[in-house]
Amino acid sequence: MFKVTKREGIARRGEFTCAHGDTVQTPVFMNVGTQGAIKGAVSAHDLKKLGCQIELSNTYHLHLRPGDSVVRQLGGLHRFMDWDGPILTDSGGFQVFSLSGLRKITEEGVTFASHIDGHRIFMGPEESMQIQSNLGSDIAMAFDECVENPAPYEYVKASCERTLRWLERCKSEHDRLNSLPDTINRQQMLFGINQGGTYADLRVWHMKEIAKLDCEGFAIGGLAVGEETQVMYDIIDAVEPFMPQEKPRYLMGVGTPSNIIESVARGVDFFDCVMPARNARHGKLFTWAGAINIKNEKFKLDGRAIDGHCDCPVCQSFSRAYLRHLFVAEEMLAMRLAVMHNLYFYNSLMERIRTALDEGAFEAFRQEYSKKLSGRAN
RNA sequence: GGAGGAGUACCCAAGUGGCCAAAGGGGGCAGACUGUAAAUCUGUUACGUUUCGUUUCGAUGGUUCGAAUCCAUCCUCCUCCA
């Protein structure tokens with residue numbers, strides 16, 4: 001269930017509820033735990049402390065390891081990873097893009113050569129729905145093809161037409177699975193995904209078509225996969241008017257703090273991105289004055305917290321100099337602390353966006369931070 | 001004391017007459033990262049007035065048009081014999 005509680009221009013403040021956890025306050029950032037764990041030794045228990053409202057995991061990866069039937073036998077993903085909040089599972093559609101050298105697409109679905117051992121795995125709309133049902137997530141994503149940008153118009157057109165047909169198949173399989181008595185989470189929702197590359201006409205056509213299907217939410221996929229940032233914004237601007245007002249909108253895989261602020265301004269409610277976790281593992285930490293590379297020599301004797309205005313558990317206790325030392329010495333703790341900080345930062349960024357929306361001050365917030373957060377801090 | 005071996009850039013290590021300011025690895029410095037094949041990948045690492053010049057391969061001297069590479073002496077380290 002979703003309702004918009006406040007608006008400022010196109011930007012929306014909302015509340016979302018599903019079968020698990022408390023009401024989700026939107027706009028929200030979903031913390032990515034692809035294989036049922038946040039990379040960098042961060043557990044679901046840690047996520048609680050970091051202000052995470054929704055966790056995201058991946059169909060393809062969990063199907064390969066440990067296997068969705070294993071997860072199901074152990075009570076579903078919530079119990080398996082001991083996270084009682086909402087879980088969204090991505091469908092495997094992104095792997096059609098990221099593993100493009102290891103797969104073949106047909107009308108029926110996609111055959112992957114496992115990135116682990118090369119064995120063949122067929123995944124179509126039905127398989128993706130079955131796996132996500134076994135995982136018991138709260139939101140299942142439609143199985144789509146995420147197309148790289150830029151791509152030829154004719155290819156994108158054929159692809160998004162197929163993605164629409166796949167959505168119809170996802171929908172009927174999803175409804176069937178939810179009606180079975182022994183399904184783990186019979187309240188699982190299905191979100192459709194808009195595609196169409198960088199072509200506004202295809203995007204709008206596709207959005208109008210998928211909006212006819214009764215999905216509980218709609219995502220914009222296939223962005224931030226090669227195109228210029230402004231092109232991404234232009235596509236969101238083009239598609240947004242055709243996204244149902246009363247349903248959540250999810251911009252998949254985005255993005256930088258600035259991308260998030262700019263996309264909230266364009267009417268997006270849900271986000272996810274590997275960036276805070278991956279960048280953290282690589283030593284790039286977010287602060288309210290811009291990002292820093294904690295491995296830089298200039299932090300060798302810096303006794304300050306990563307961010308003086310951050311309330312996260314890391315900033316309460318440790319100095320930049322200590323974090324730098326942990327990175328240079330390749331201690332595992334370096335990644336754990338860095339990931340915890342960055343996730344906390346993203347979650348508090350969303351909280352500040354929500355507060356600004358509540359107070360009718362989002363545009364001012366956007367003016368102050370959109371640019372600043374994409375720069376460098378000292 | 002005798003015999004043999006070795007000294008190359010921050011470290012390890014290739015190179016044994018010109019294509020060598022010198023492979024490769026490590027370390028250092030910096031950059032990238034957007035629904036995670038990522039604790040990954042990329043660049044850079046003698047000096048300068050930088051499409052070129054200067055100095056450099058333990059030291060000094062020599063051979064040669066040309067030397068990290070050949071010769072002499074010296075210094076240092078290692079192994080074996082006494």
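Protein chains get the first letters and strands the later ones, always in sequence-line order, with residue 1 at the start of each.
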Out of B/C29, B/U36, B/A39, minimum distance to the side chain of A/M335 belongs to B/A39

To the nearest angstrom, the CG-P distance between A/L285 and B/A39 comes to 16 Å

*Are A/E145 and A/R162 close enough for a salt bridge, meaning some N to O gap below 4.0 Å?*
yes

Quick note, A/D90 side chain, CB onward, closest among B/U36, B/U34, B/A39 is B/U36

Subject >> Phosphate contact (B/G35 OP1 or OP2) by A/Q95 side-chain N/O below 4.0 Å >> reply: no

### Query
Would you call A/H61 stacked on B/U36, i.e. ring centres under 5.5 Å apart with the planes less than 30° off parallel?
no

Among the nucleotides B/U34, B/A37, B/G35, whichever has the atom closest to the side chain of A/A224 is B/U34

- Task: Could you tell me whether A/I116 contacts a base, only the sugar-phosphate backbone, or nothing, with contacts defined as non-hydrogen atoms closer than 4.0 Å?
- Result: nothing

- Query: Can the positive tip of A/K171 be found less than 6.0 Å from the middle of the six-membered ring of A/W166, inside 45° of the ring normal?
  - Reply: no

Partner of B/G18 under the Watson-Crick or G-U wobble criteria, both distances under 3.5 Å, comes out as B/C65

Comparing nearest nucleotides in RNA chain B, the 5'-proximal residue of the pair A/L88, A/N296 is A/N296

Next on the checklist: Test ring-ring contact (aromatic ring centres under 6.0 Å, His included) on A/F270 and A/F16; report intermediate values, then the result.
Outcome noted: CA-CA 10 Å; A/F270 284 56; A/F16 172 83; 5.2 Å; yes

Pairing partner of B/U42, by Watson-Crick or G-U wobble and under 3.5 Å for both distances, is B/A30

Salt bridge check, A/K3 against A/E246: does any charged N sit closer than 4.0 Å to a carboxylate O? no

Under 4.0 Å between a side-chain N or O of A/S98 and OP1 or OP2 of B/A37? yes

Please work out if A/N58 contacts a base, only the sugar-phosphate, or nothing of the nucleic acid, heavy-atom cut-off 4.0 Å.
sugar-phosphate

* To do: Determine the contact category for A/G40: base if any of its heavy atoms lies under 4.0 Å from a base atom, sugar-phosphate if only primed atoms, P, OP1 or OP2 are that close, otherwise nothing.
  => nothing

With the side chain defined as heavy atoms from C-beta on, A/R281 is closest, among B/C29, B/A38, B/G35, to B/A38

If pairing means Watson-Crick or G-U wobble with both distances under 3.5 Å, then the partner of B/U73 is B/A59

Exercise for review: Remember a base hit wins even if backbone is also touched, and classify A/A334 as base, sugar-phosphate or nothing at under 4.0 Å, heavy atoms.
Suggested key: nothing

| message | Please report the distance separating the C1' of B/U79 from the corresponding atom of B/U45, rounded so that it comes out in whole Å. | response | 36 Å

- Message: Once you apply a heavy-atom cut-off of 4.0 Å, does A/N279 come out as touching a base, just sugar-phosphate, or nothing?
- Response: base

(request) Mind checking A/Q35 for me? I need base, sugar-phosphate or nothing, with any heavy atom below 4.0 Å counting as a touch. (result) nothing

_Once you apply a heavy-atom cut-off of 4.0 Å, does A/R376 come out as touching a base, just sugar-phosphate, or nothing?_
sugar-phosphate

Checklist entry - Stepwise, does the ring-ring contact (aromatic ring centres under 6.0 Å, His included) test hold for A/F191 with A/F218? => result CA-CA 5 Å; A/F191 280 21; A/F218 291 95; 7.9 Å; no

Here the distance between atom P of B/G31 and atom NZ of A/K284, to the nearest Å, is 9 Å

Testing B/A32, B/G35, B/U34 for proximity to the side chain of A/T256, the answer is B/U34

Check your understanding: Base, sugar-phosphate, or nothing for A/E227, non-hydrogen atoms under 4.0 angstrom?
Key -> nothing

The Watson-Crick or G-U wobble partner of B/U49, with both key distances under 3.5 Å, is none

- Message: Parallel, tilted or perpendicular: which one describes the rings of A/F365 and A/W288, with boundaries at 30° and 60°?
- Response: perpendicular

From NE2 of A/H119 across to C1' of B/A37 the rounded distance in Å is 14 Å

Among B/U36, B/A39, B/U34, the one nearest any side-chain atom of A/A277 is B/U36

Separation of B/G35 atom C1' from A/M123 atom CE, nearest Å, is 14 Å

With the side chain defined as heavy atoms from C-beta on, A/Q195 is closest, among B/U40, B/C33, B/G35, to B/G35

Is the shortest distance from a Lys or Arg side-chain nitrogen in A/E297 or A/R324 to a carboxylate oxygen in the other one below 4.0 Å?
-> no

- Does OP1 or OP2 of B/A39 have a side-chain N or O of A/R278 closer than 4.0 Å? no

- Query: With a 4.0 Å cut-off on heavy atoms, is A/V339 in touch with a base, just the backbone sugar-phosphate, or nothing at all?
  - Reply: nothing

Re B/A82: Watson-Crick or G-U wobble partner, both distances kept under 3.5 Å, found to be none

Which of B/A39, B/A32, B/G35 is nearest the side chain of A/M332? It is B/A39

With sugar-phosphate meaning primed atoms plus P, OP1 and OP2, does A/L251 contact a base, only sugar-phosphate, or nothing at under 4.0 Å between heavy atoms?
nothing

